[in-house]
Amino acid sequence: MENYYSYADFMKAMAQTKKITEAEKLLNDIYLDLFLKHVHRSQQEEQLMALIDEALDSNDRDSFETYSAQLQALKQEEEA
């Protein structure tokens with residue numbers, strides 16, 4: 001799901017006046033990719049929170065620490 005789009009690619013697509021639809025398609029692909037990444041991260045965060053709650057309820061310290069570390073890594077990745 002890691003797609004990298006450059007500003008240069010976008011500008012090349014925009015410069016081709018007869019291919020305006022190419023630029024629109026590229027922009028739509030960028031927005032779709034960003035949206036899917038956001039949804040995926042949100043689902044991962046919700047799942048980890050549920051697992052953390054479950055670990056707390058069952059007094060499972062090892063699982064709690066594992067899931068907490070994963071959640072923390074996910075949030076740091078998001079900030080970067």
Side-chain angles (χ1 to χ4, degrees):
M1 199 161 29
E2 290 294 321
N3 291 327
Y4 295 100
Y5 301 99
S6 71
Y7 181 72
D9 290 337
F10 179 70
M11 292 310 292
K12 279 185 214 172
M14 287 296 293
Q16 300 172 351
T17 55
K18 56 186 165 185
K19 292 190 177 183
I20 296 292
T21 57
E22 289 288 326
E24 290 174 353
K25 183 183 178 306
L26 179 61
L27 195 56
N28 285 338
D29 288 346
I30 292 169
Y31 283 130
L32 180 61
D33 190 50
L34 289 171
F35 175 73
L36 291 175
K37 284 180 184 179
H38 174 74
V39 169
H40 182 67
R41 276 214 172 101
S42 294
Q43 288 176 341
Q44 283 180 314
E45 187 175 327
E46 286 178 28
Q47 182 182 22
L48 286 170
M49 291 297 290
L51 290 169
I52 289 170
D53 287 344
E54 189 177 307
L56 285 171
D57 290 343
S58 63
N59 291 324
D60 185 354
R61 185 182 186 119
D62 292 334
S63 294
F64 170 77
E65 289 176 357
T66 300
Y67 299 136
S68 294
Q70 289 176 4
L71 181 62
Q72 191 173 29
L74 183 67
K75 288 188 179 219
Q76 287 177 350
E77 185 181 297
E78 187 176 310
E79 292 174 3

Residue pair Ile52 / Leu71: nearest heavy atoms and the distance that separates them: CD1-CD2, 3.8 Å
For the student: nearest non-hydrogen atoms of Leu74 and Glu45, plus distance: CD2-N, 3.9 Å
Glu54, CD atom: more than 12 neighbouring heavy atoms under 6.0 Å: no
Neighbour count above 12 (heavy atom, 6.0 Å) for Gln47 CD: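 Incorrect, the count does not exceed 12.
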If you measure from [atom1] on [X] to [atom2] on [Y], what distance do you get to the nearest 0.5 Å?
X	Y	atom1	atom2	result
Arg41	Glu77	CZ	CD	4.5 Å
Gln70	Thr66	CD	OG1	6.5 Å
Ser42	Lys37	OG	NZ	14.0 Å
Tyr67	Leu56	OH	CG	12.0 Å

Test item: Gln43 and Val39 side chains (from C-beta on) under 4.5 Å apart, heavy atoms: yes
Pair Lys75 + Glu79, salt bridge at N-O below 4.0 Å: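 Salt bridge: no.
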